[in-house]
Amino acid sequence: MGDVGATVPPVADTLPPAGFELRLDPSLRRLDRGRILVGGTPLRIVKLTDAGADAVDSWEQHDPLDDSESHRRLARRLLDAGMVHPKVASTIAGDVTVIIPVHDNPAGLDRCLGALGNVGILVVDDASGDAVSHRRITKAHGAAYIRREINGGPGAARSTGLKVIDTEFVAFVDSDVEVRPGWLSSLLGHFADPLVVAVSPRVRSRLGSGYLASYERQHSPLDLGDVAGPVGPGRRVSYVPTAAMLARTASVISVGGFDPDMRWGEDVDLIWKLVDSGGVVRYDPAVEVLHEPRSRWLPWLSQRFRYGSSAAALGRRHAGNVAPARCSRWSAAAWLIAVAGHPVVGAGVAVGSTAALAQRLDSLPHPGAEAVRLASRGHLLAGLGLARAASRVWWPLVAVVAIRHPRRRPAAAAVVLAPAVIDWVRGSRPAGFVRSVALHTVDDMAYGVGVWKGVIAERTLAPILPSFAEWPGRRDAVGDTTVARE
């Protein structure tokens with residue numbers, strides 16, 4: 001990044017407005033009296049001038065963004081990097097229509113409508129068997145109702161609704177979702193940033209009884225955690241579900257809306273199209289909505305299978321975005337060599353990558369120590385990412401290796417079970433140790449079966465091929481850690 005005070009082209013129409021409040025990401029580290037920032041997604045190093053460091057100091061003290069164009073440019077860079085996040089204190093003006101796709105879920109629709117309150121609502125009945133009940137419930141809540149005669153899935157139902165609304169903003173809320181008071185005004189505040197085209201809340205599973213409900217509360221694929229940030233491939237949050245999302249209507253329409261050929265994964269496709277178009281999609285876990293999870297085993301497994309089967313179709317539309325693991329060749333080589341039975345050699349590769357990284361960090365106060373910190377973190381995260389890919393996607397290949405090479409069976413079992421065991425150690429314990437690990441492993445395998453089904457049907461290897469960063473050069477990658485001088 002150049003000097004904060006440097007002359008720059010006029011880009012005020014894309015910058016966050018004066019008065020915008022910012023909060024530093026919890027993982028951000030500041031070195032050299034605040035002039036060096038280490039953090040963001042993917043992880044990077046940003047060097048600031050004294051003026052830039054002073055600006056970040058003020059944001060850390062909760063001062064609002066001033067009207068200086070250089071400070072607003074810096075804010076934009078750090079927002080895009082995920083180093084800072086907006087603190088939304090108030091809403092902005094704008095008309096909203098909530099579109100609710102529904103198919104044979106009258107009880108859920110009634111609960112969903114009851115929680116939405118005074119806002120324009122359009123219910124799109126996706127060829128439900130009991131149209132009378134859905135129409136009656138919709139009328140009782142004062143919402144508008146239209147019906148599709150052919151079932152096309154939630155994406156098709158949302159697209160039907162998009163064709164008939166004319167408000168500036170559109171909110172998508174599934175019929176099995178229950179919003180909380182204030183959710184809409186909190187999300188609207190993000191659109192004070194002119195580049196934001198969509199924002200999603202945290203979608204948490206409703207509390208229930210039994211192992212499956214407890215597991216879903218902690219491992220729902222709709223729940224993306226408690227850390228805010230920008231959304232997109234390669235980021236901490238790579239997608240957000242449209243089970244609950246607020247967006248600029250024109251932006252959604254401009255990218256073609258939901259792909260009519262995708263019954264599953266259509267929401268991920270939409271998010272990536274919005275990001276590819278230059279828009280910013282944000283995730284705000286400070287706003288929570290509740291989702292009704294699957295309560296029976298077969299529907300639960302079927303859901304995971306369908307999610308996995310969408311990966312191939314997404315891979316054809318967004319090449320490189322669906323890689324099951326992302327890491328550097330350094331990390332991949334180190335872990336592969338170690339798992340193959342040569343841990344000392346693998347460790348040597350890791351040490352070599354650390355030395356190469358230290359040379360690239362020679363302008364930092366303590367390049368050797370920083371290289372060890374970043375390389376260690378990168379290799380560990382890469383190892384976990386590779387293990388998760390083995391557990392979710394590559395487990396058939398791991399099984400073949402275990403069958404053909406009995407001496408490799410302990411290592412194969414350790415790789416496949418590692419993510420579940422690590423989650424248990426971290427505190428994710430929906431049941432006892434054995435049941436928790438079993439649930440996690442079955443979840444992963446059901447998803448993986450869907451991935452392989454999609455690979456065969458779509459004739460693409462995109463969902464099973466890892467993505468490798470470059471070897472150290474002008475831009476270095478160690479593990480999933482990108483180091484860039486700007």
Side-chain angles (χ1 to χ4, degrees), residues 42 219 221 232-239 259 261-269 271-272 276 301-340 378-379 381-405 408-409 411-420 422-423 440-471 477 479-480:
H219 293 282
R235 294 192 178 273
R236 180 188 291 144
V237 179
S238 62
Y239 71 94
D259 190 326
D261 295 329
M262 296 189 71
R263 196 175 183 93
W264 307 103
E266 81 291 340
D267 47 1
V268 181
D269 174 64
I271 296 304
W272 289 348
D276 288 344
L301 289 172
S302 177
Q303 179 198 52
R304 297 307 204 262
F305 171 82
R306 290 194 295 264
Y307 285 164
S309 67
S310 70
L314 287 168
R316 283 203 173 278
R317 290 162 174 78
H318 305 276
N321 289 359
V322 295
R326 298 175 183 274
C327 65
S328 75
R329 292 178 176 85
W330 285 102
S331 291
W335 283 107
L336 181 62
I337 292 170
V339 171
H379 287 312
L381 290 178
L384 179 57
L386 291 167
R388 290 193 185 283
S391 180
R392 299 190 80 198
V393 177
W394 299 332
W395 63 264
L397 303 178
V398 176
V400 170
V401 172
I403 292 170
R404 293 178 61 88
H405 304 280
R408 298 284 180 259
R409 289 173 185 171
V415 167
V416 171
L417 297 177
I422 290 172
D423 279 353
H440 196 297
T441 304
V442 169
D443 181 355
D444 285 347
M445 289 186 170
Y447 178 88
V449 171
V451 169
W452 284 94
K453 181 260 185 186
V455 165
I456 295 171
E458 296 280 343
R459 298 182 180 179
T460 175
L461 298 179
I464 63 174
L465 296 179
S467 176
F468 294 118
E470 295 299 320
W471 291 89
D480 68 348

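Under the 3.5 Å distance criterion, the side-chain polar atoms of W272 are matched with a main-chain donor or acceptor of S238. Side chain of R316 to main chain of E458: a donor-acceptor pair is present (N/O by atom type, distance under 3.5 Å, no hydrogens or angles). Side chain of R317 to backbone of A313: a donor-acceptor contact under 3.5 angstrom is found. For the pair W452 (side chain) and V393 (backbone), a donor-acceptor distance under 3.5 Å is present. Using a distance-only test at 3.5 Å, with no hydrogens or angles considered, a donor-acceptor pair links the side chain of W335 to the main chain of H379.
W394 and I464 make their closest contact through NE1-O, 2.8 Å (heavy atoms, listed as atom of the first residue, atom of the second, distance). L301 and A446 get closest at one heavy-atom pair: CD2-CB, 3.9 Å. Contact detail for A382 and C327: the closest heavy-atom pair is CB-CB, 3.7 Å.
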Practice prompt. Let me see the working for V401 and L397 under side-chain contact (heavy atoms from CB on, under 4.5 Å), right down to the final yes or no.
Written response: CA-CA 6 Å; V401 172; L397 303 178; 5.8 Å; no
Fill in: Worked check of side-chain contact (heavy atoms from CB on, under 4.5 Å) between T441 and W395
CA-CA 10 Å; T441 304; W395 63 264; over 6 Å; no
Worksheet item: When you look at S328 and F468, which way does the side-chain contact (heavy atoms from CB on, under 4.5 Å) test go after all the steps?
Response: CA-CA 5 Å; S328 75; F468 294 118; over 6 Å; no
Item to complete: Starting from the C-alpha separation in whole Å, work towards a yes-or-no answer on side-chain contact (heavy atoms from CB on, under 4.5 Å) for H219 and D423.
Response: CA-CA 10 Å; H219 293 282; D423 279 353; 3.3 Å; yes
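Here the straight-line distance linking atom CG of D276 with atom CG of D269 works out to 9.5 Å at 0.5 Å rounding. For the atom pair L381 CG and L386 CG, the distance stands at 11.0 Å (nearest 0.5 Å). Atom OH of residue Y447 and atom CZ of residue R392 lie 5.0 Å apart, to the nearest 0.5 angstrom. Rounding to the nearest 0.5 Å gives a distance of 9.5 Å between CG of L314 and CG of D259. Taken from OG1 in T460 to CG in L465, the straight-line distance is 7.5 Å, to the nearest 0.5 Å.
With sequence neighbours excluded, no residue forms a side-chain contact (heavy atoms from CB on, under 4.5 Å) with I456. Every side-chain contact (heavy atoms from CB on, under 4.5 Å) that P419 has, sequence neighbours left out, goes to A387, R388, S391, H440.
Sorted by first and then second residue, the side chain to side chain donor-acceptor pair (under 3.5 Å) pairs involving residues 302-315 (not counting sequence neighbours) are E216-R304, S302-R306, Q303-Y307, R304-D443.
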